Amino acid sequence: MALQDLSILADLNEPQRRAVTHRDGPLLVLAGPGSGKTRVITRRAAQLVASGVPARNILALTFTNKAADEMRRRIRVLGAGEGMWVYTFHALGARLLHEFGPLARVEPSFTIYDEADRLRLIKTAMQACEVGEHLIQPQAVQADISRAKNRLQTPEQYDIGSGFVEDRTVRRVYAAYEKLLEKHNAVDFDDLLMRVAIVLRDHPEIVERLNIRFRYLLIDEYQDTNHAQYLIADYLSQQHENICATGDPDQSIYAWRGADLGNILDFERDHPDAVVVRLEQNYRSTGNILRVASRLIAANHKRKVKDLWTENEPGGPVRVWSFAEGRDEAERIAATIAEQCADERAYGDFAIVYRINAVSRGLEESLRSRGIPYRIARGLEFYNRKEIKDVVAYLRVLVNPADALALLRIINTPARGIGATTLGRLREIAAERGLALIDVVARAREFPKLKTAVRKLAAFTDLLERLRPCVERRVSDAVGDCLRLSGLEASLEEERESGGEDRLANVQELVSAAVRFEEETVEPTLVEFLERVSLVSDQDRVDETAGCVTLMTLHAAKGLEFPVVFIVGLEQGLLPHERSLKQGSRQDGSLEEERRLCFVGITRAKRMLVLSHAAERILRGSWVPRCASQFLAEIDPEAVQCESFRPAARRAPLRPRAAQEPDEDGFVRLDDQLPPNERPRERRPGRPGVFGTIESDAEPDMIELDRGDRDPRAQERSRFADWEPGMFVTHEKYGPGQVVWIRPGGGETRASVRFPTYGEKTFILELSPLSKLERGRKG
DNA sequence: TGGAGCGTAATTTTT
DNA sequence: TTACGCTCCA
């Protein structure tokens, strides 16, 4: 025991040790980025076991399967994993729903509908309610319903007294949607939480039982919990209050999905005798990176202040790169990666992150043209592929014949000549007679209305009958049978042979997944396999060890770290995203969330961080003038080095920089190497206002300064001698902004400055309350 | 029934 | 730019 104790407490700093050894009562661990949070949770779990708590009395909750797997693995290494409950919130929900059964109004064979299923069902519900999609978008209804479920509101309780006409409509659709779910014996992701929370709310005896079973509760990423999750955690710790919440309010980036930052901010109010531990020492990043991050996030109000510090070396300054246009940015980054990989670094050391996926294209092109291997951690997942969903739908129908969504998916896949007309009639009959869709199909002969389709439907029913025994067979066999007997395999084969995509390979990967599932699971059942499939996401498949540059959104980057990180498109309207800048929307405080997003991105970097932006980029197909993100003006100027890169064609002829001569940072100025025909052309500025808030009354261009019509000596005498386009300045009235052009002459210096919210303004510097915000580029 | 052609809209997406 | 959803036609 003593030995184990030692290893559990080894290499912990003081606050970490306090968190690990805390025994009973509520504990809040506020963990800054890179502060060893996962280590604390796993050690704490191991420590509880070492001090005599049976592992099966501990429940650890995470948000992703990946986090759950990782935690399980690390606890096992510490010799304490056996019997501990380590689940995602949703997996726990699914498991408890199976236990609760009728109390939660579900049959044990229930299907879990994913987002796509849910949306389709909402559309069906809207049709049933005669609510046109032009009236209200299905996605909006979906979001509203999701919000309602987070608050445990049933349709009857939905937004009573809100007064919005729209809400009545949503309420009707919500009710119809719930009926459909029930009919299909299905639940959506939110139900996995909502129904559990409701059962707990209404059944104290169950709460009591679960409190005995789970004596210690550990929750990771507590800042991302929504209200339903909050309630579940609260019920599960009601009697013993042994709740340990870990997280970081500054890394809450899912408020738009219902995460309630208040849960973590108010933890101490909810638990007045809570012990609070702050993990403020950062082991990941250099001092400068951490400084930049800290200063930025300090601008937020909704937070718990932490003083992040590190013993790591300060490292080089954080780079702020300014480009004339988005293509330069991509090229420059690709060149830098290629250069650094030529000597000390590997491709896997680099990550390029952005706010929206649309930005990735240009980056991909640049990387590809240099033969740099990359991968994109994108939302298009394995289990979302059509062919995979098709196979899974067969399994779903076998397990849960009431699952009409799955039935509709497979009834004509592969094509069996059962088209929209027939489906319409099937639905009509089902509605008229109050039958399940599958029963109408099975009894097709009884309905003359179906005419010629009867024979096809009978053949389909036959197929299902032949597949039925699958349910009892091994999961991998069931998958194989469905593939073969349904004709899916043949049709995919055909597609491959005629030169199409090899989607068969994907399907075969599903068979492998089934085999793996059988090996890992004690009593593998088809129901469980389907549950697993429904609850995995692609996030779980991001492999950090691959020897590739990683491209991803800021959201996808959370929880990861890389030696070198580029955050691109730091522009007003992109990061912060334009939607967060619109005032008066229901998304209050979303600017703070954007800032947190930026904070998350910055703190992914271990050694080197580059923040870049461009003055113009192609967005939605047209050139749009951009201005630098306000976040660039909010970071610590002392830890930053700004560099602007402009095409040679636009640069001052007075002092042309020698092409290919590395500057003091070891970078080659890429722009000078472009052959003339590849240099950016003069362009009219794109339509203003689409992105960002630029009044482009002035030419939003950087040519002015660099034309060379200034007198270098005059400039030297001026106190604005070192002012340059691209640098950040601040104005007493307008706040931080960025210099667009600057022109000295006749004792006064004129300059134009672009401000995030006020647009571009021209000043006589000698007369204006403008001051430098950061030191400019050297050289 | 399925494909071509057109119009429209456009974050992020742990489960 | 592009992706998707809808309509219309063979």
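Here the structure is a predicted model, which is why all the values come from computation and not from measurement. In the text below, chain A, chain B and the rest are named by the order of the sequence lines, each starting its count at 1.
Contact check on A:Arg620 versus A:Glu578 returns a salt bridge, with a Lys/Arg side-chain nitrogen under 4.0 Å from an Asp/Glu carboxylate oxygen.
Taking the ring centroids of A:Phe110 and A:His184, they lie at or beyond the 6.0 Å cut-off.
For the OP1/OP2 pair of B:dT12 and a distance below 4.0 Å, the side-chain nitrogens and oxygens of A:Asn357 include at least one atom meeting the criterion. A:Asn226 has no side-chain polar atom (N or O) that falls below the 4.0 Å cut-off from OP1 or OP2 of B:dT14. A close approach under 4.0 Å does not occur between any side-chain nitrogen or oxygen of A:Thr62 and OP1 or OP2 of B:dT14. A sub-4.0 Å separation between OP1 or OP2 of B:dT13 and a side-chain N or O of A:Thr553 is present.
Within 4.0 Å of A:Gly93, counting heavy atoms only, lies no atom of the nucleic acid at all. Within the nucleic acid shown, A:Leu92 has no heavy atom closer than 4.0 Å to any nucleic acid atom. Within 4.0 Å of A:Glu115, counting heavy atoms only, lies at least one base atom of the nucleic acid.
When distances are taken from the side chain of A:Asp224 to each of B:dA10, B:dT12, B:dT14, the shortest belongs to B:dT14. Comparing B:dA10, B:dG2, B:dT12 by their closest approach to the side chain of A:Ile356 singles out B:dT12.
Atom OH in A:Tyr222 sits about 17 Å away from atom C1' in B:dT14, given to the nearest Å. Between A:Asp188 atom CG and B:dT14 atom P the separation is 16 Å, expressed in whole Å. Atoms CD1 (A:Ile232) and C1' (B:dT14) sit 15 Å apart, rounded to a whole Å. Residue A:Tyr354 contributes atom OH, which lies 21 Å from atom P of B:dA10 at whole-angstrom precision. A:Phe599 places its CZ atom 23 Å from the P atom of B:dT12, with the value rounded to the nearest Å. At whole-Å resolution of the value, CG in A:Asp117 and C1' in B:dT13 are 16 Å apart. One atom, CG of A:Leu119, and another, C1' of B:dT13, lie 13 Å apart when rounded to the nearest Å. As a whole-Å value, the separation of A:Arg361 CZ from B:dT11 P is 13 Å.
Across B:dT14 and C:dA3, the matching C1' atoms stand 25 Å from one another, rounded to whole Å. Using C1' as the reference atom, B:dT12 and C:dG5 are 23 Å apart when rounded to the nearest Å.
Nearest-nucleotide assignment on DNA chain B puts the 5′-proximal partner with A:Thr421, out of A:Ser534 and A:Thr421. Mapped onto DNA chain B by nearest heavy atom, A:Leu597 and A:Ala420 fall at different nucleotides, with A:Ala420 at the one closer to the 5' end.
In this structure the side chain of A:Arg532 never reaches within 4.5 angstrom of the side chain of A:Asn65, judged on heavy atoms. When side chains are defined from C-beta on, A:Glu325 counts as touching A:Trp623, because their heavy atoms get closer than 4.5 Å.
With A:Thr88 contributing its side chain and A:Ala91 its backbone, the two residues share a donor-acceptor pair below 3.5 Å.
By the stacking rule of 5.5 Å between ring centres and under 30° between planes, A:His577 stacks on the base of B:dT11. Stacking between A:Trp256 and the base of B:dT13 is absent under the criterion of ring centres within 5.5 Å and planes under 30 degrees.
A donor and an acceptor atom sit less than 3.5 Å apart, one in the side chain of A:Arg355 and one in the base of B:dT12.
A donor-acceptor pair shorter than 3.5 Å can be found between the side chains of A:Tyr113 and A:Asp403.
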